[in-house]
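Structure record follows, encoded as structure tokens.
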Amino acid sequence: MLVYSLAACLLRGADAAAIIGIVLAARGVGTGDVTGVLAACITLPHLAGPIAAQLLDRARRKKLVLAGAGVVYAVALGGAVLLLPISVVAAAGGLLVAGFAGPLLTGGLSSQLAAIVGPTERTRRRAQGVDAFTYGVAATVGPAVVAVIASTSTPTTAVLIAAVAAGVGAIVVLLLPNVEPDTSRSAPTAVRLRAALGMLVRLPGLRRTTIATAVTAVPLGAVPLLAVATVDSLGAAEASSAVLTSAYGAGNLVVSAVLIAVPLRGTADRLVRFGVVVVAVGFALGLLVSSVPVGAVVFALLGVATGVLFTASLAARAAFSPAGAEAQVFVSMAGIKVASSSVGTAVAGALIPLGGAVMFAIAATLTLLTLLTVIVDRRPQTTR
């Protein structure tokens with residue numbers, strides 16, 4: 001797991017750092033008016049991740065595909081930032097290429113975890129906690145490192161270092177053990193793209209996991225803007241929003257570390273429902289925020305809830321994915337999550353004037369409706 005964790009932190013840290021790094025670099029060369037477009041060039045291609053996952057599912061040496069994706073990401077990201085002062089269009093093209101490789105560094109890498117750690121359920125649950133922890137580390141450390149390097153050197157240097165990190169991560173992936181097909185499940189034949197995507201709707205367990213992941217990602221994607229709205233409502237300094245966002249990240253990291261030592265127990269379906277419940281409670285607690293310190297506690301608890309739901313989602317994806325379609329399921333769901341988060345960010349930007357309490361109420365309501373949908377969807381299956 002040490003090799004896996006190192007590779008995951010490097011690759012995902014580079015991916016998390018790329019967006020803020022490109023935004024800073026664009027401003028530095030006087031193209032700040034297209035920063036939103038450039039950032040979208042990295043995130044939007046995640047929706048096409050299932051196409052890349054076809055290659056991963058069909059490959060015999062899957063780590064070669066994952067390492068190749070890391071190399072492509074590194075070269076495309078580095079090339080894009082170097083081209084930025086010369087041609088914004090060329091830079092955008094490079095970022096699109098990096099964006100297409102991105103899903104393999106997230107969901108694609110996660111899809112191989114179960115095969116690496118073995119068939120024991122407890123071992124897999126602990127490994128999924130480690131995986132969730134790497135996402136938290138990447139999301140926290142990646143942007144922070146870029147911000148520090150950009151302030152002490154240049155944004156271009158910061159992005160180039162992120163590209164180097166992705167390249168190193170690709171090399172580390174090659175050190176992962178070779179895994180054999182899981183013979184305890186049905187024969188692992190590659191699944192066509194259309195059929196794989198249909199599994200997210202047709203198979204009950206995957207359908208409920210997809211619903212829970214996609215819908216909760218909308219309000220969770222708005223957490224940074226929720227922090228801004230909260231400090232506005234409190235009349236606090238704008239910089240306090242960074243305190244709340246940091247508390248959210250810290251809560252996520254802490255619970256991920258705890259879940260490594262004490263893995264979640266129970267069926268995958270039940271864990272997903274539990275994850276949605278704790279996220280709903282986290283948003284509901286937002287209605288009690290009366291000061292920045294209280295807000296920091298609430299955001300930390302919301303981070304804890306997010307970590308629980310994400311780890312439960314990883315467990316459900318592994319449990320419900322048919323043999324031969326693991327990469328398709330993981331990458332497709334990751335792409336849906338990214339898209340939903342983007343929607344949440346966009347909608348939250350328009351709702352900020354309503355204030356933090358109203359936004360928390362909307363988020364809690366949406367999460368409770370998600371829980372109700374998941375419960376109702378399960379009833380026919382239980383009856384049968």
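Keep in mind that this is a model prediction, so the values were computed, not measured.
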Heavy-atom distance under 4.5 Å between the side chains of [X] and [Y], does that happen here?
| X | Y | answer |
| --- | --- | --- |
| Phe310 | Asn252 | no |
| Ile375 | Leu371 | yes |
| Leu64 | Leu174 | yes |
| Tyr135 | Ser110 | yes |
| Val173 | Tyr4 | no |
| Leu301 | Val281 | no |
| Leu66 | Gln112 | yes |
| Leu206 | Pro322 | yes |

Identify whether [X] and [Y] are in the same connected component of the hydrophobic contact network (ILVMFWY, side-chain heavy atoms under 4.5 Å).
| X | Y | answer |
| --- | --- | --- |
| Val347 | Val358 | yes |
| Leu368 | Phe274 | no |
| Leu82 | Leu95 | yes |
| Ile42 | Val145 | yes |
| Val65 | Phe100 | no |

- State whether Asp131 and Arg126 are salt-bridged, where the test is any N-O pair (Lys NZ or Arg NE/NH1/NH2 against Asp/Glu carboxylate O) under 4.0 Å.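 A salt bridge is absent here (no side-chain N lies under 4.0 Å from a carboxylate O).
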- Does the side chain of Thr213 pick up a donor-acceptor pair with the side chain of Ser313 at under 3.5 Å?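 Ser313 and Thr213 do have a side-chain donor-acceptor pair below 3.5 Å.
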- Task: Please assess Ile161 against Thr157 for the test side-chain contact (heavy atoms from CB on, under 4.5 Å), listing each intermediate value before the final yes or no.
- Result: CA-CA 6 Å; Ile161 290 177; Thr157 301; 4.1 Å; yes
Could you measure the distance from the [atom1] atom of [X] to the [atom2] atom of [Y]? Nearest 0.5 Å is fine.
| X | Y | atom1 | atom2 | answer |
| --- | --- | --- | --- | --- |
| Leu271 | Leu309 | CG | CG | 10.5 Å |
| Leu264 | Leu314 | CG | CG | 10.0 Å |
| Arg273 | Thr209 | CZ | OG1 | 10.5 Å |
| Ile336 | Leu200 | CD1 | CG | 5.5 Å |
| Leu244 | Thr230 | CG | OG1 | 6.5 Å |
| Ile171 | Leu6 | CD1 | CG | 11.0 Å |

- Would you check, one step at a time, whether the test side-chain contact (heavy atoms from CB on, under 4.5 Å) holds for Val272 with Arg208? CA-CA 8 Å; Val272 170; Arg208 290 189 286 274; 5.8 Å; no
Please find the pair of heavy atoms, one from [X] and one from [Y], that lie closest to each other, and give the distance.
| X | Y | result |
| --- | --- | --- |
| Val294 | Leu288 | CG1-O, 4.0 Å |
| Gly169 | Ala7 | O-CB, 4.0 Å |
| Cys9 | Val137 | SG-CG1, 4.0 Å |
| Ala90 | Leu83 | CB-CD1, 3.9 Å |
| Ala74 | Gly167 | CB-N, 3.6 Å |
| Ala162 | Ala14 | O-CB, 3.2 Å |

- Item | Met333 vs Thr210, side-chain contact (heavy atoms from CB on, under 4.5 Å): CA-CA, chis, key distance, verdict | CA-CA 6 Å; Met333 209 171 290; Thr210 302; 3.3 Å; yes
Between the main-chain N or O of [Y] and the side-chain N or O of [X], is there a donor-acceptor pair closer than 3.5 Å?
| X | Y | result |
| --- | --- | --- |
| Thr367 | Ala280 | no |
| Ser332 | Val329 | no |
| Arg12 | Leu105 | yes |
| Thr370 | Leu366 | yes |

- Enclosure of Ile86 CD1 (heavy-atom neighbours >12, cutoff 6.0 Å):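 Atom CD1 in Ile86 is packed in, count exceeds 12.
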- Report the residue from Leu226, Val298, Leu302, Val304 that forms a side chain to side chain contact (heavy atoms under 4.5 Å, CB included) with Tyr248.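 Of the listed residues Leu226, Val298, Leu302, Val304, the side chain to side chain contact (heavy atoms under 4.5 Å, CB included) partner of Tyr248 is Leu302.
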- Dump the intermediate steps for side-chain contact (heavy atoms from CB on, under 4.5 Å) on Leu11 and Tyr73, then the final yes or no. CA-CA 9 Å; Leu11 292 170; Tyr73 192 94; over 6 Å; no
- Query: Are Phe360 and Phe299 near enough that their ring centres are under 6.0 Å apart?
  - Reply: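 Distance test on ring centres: under 6.0 Å, yes.
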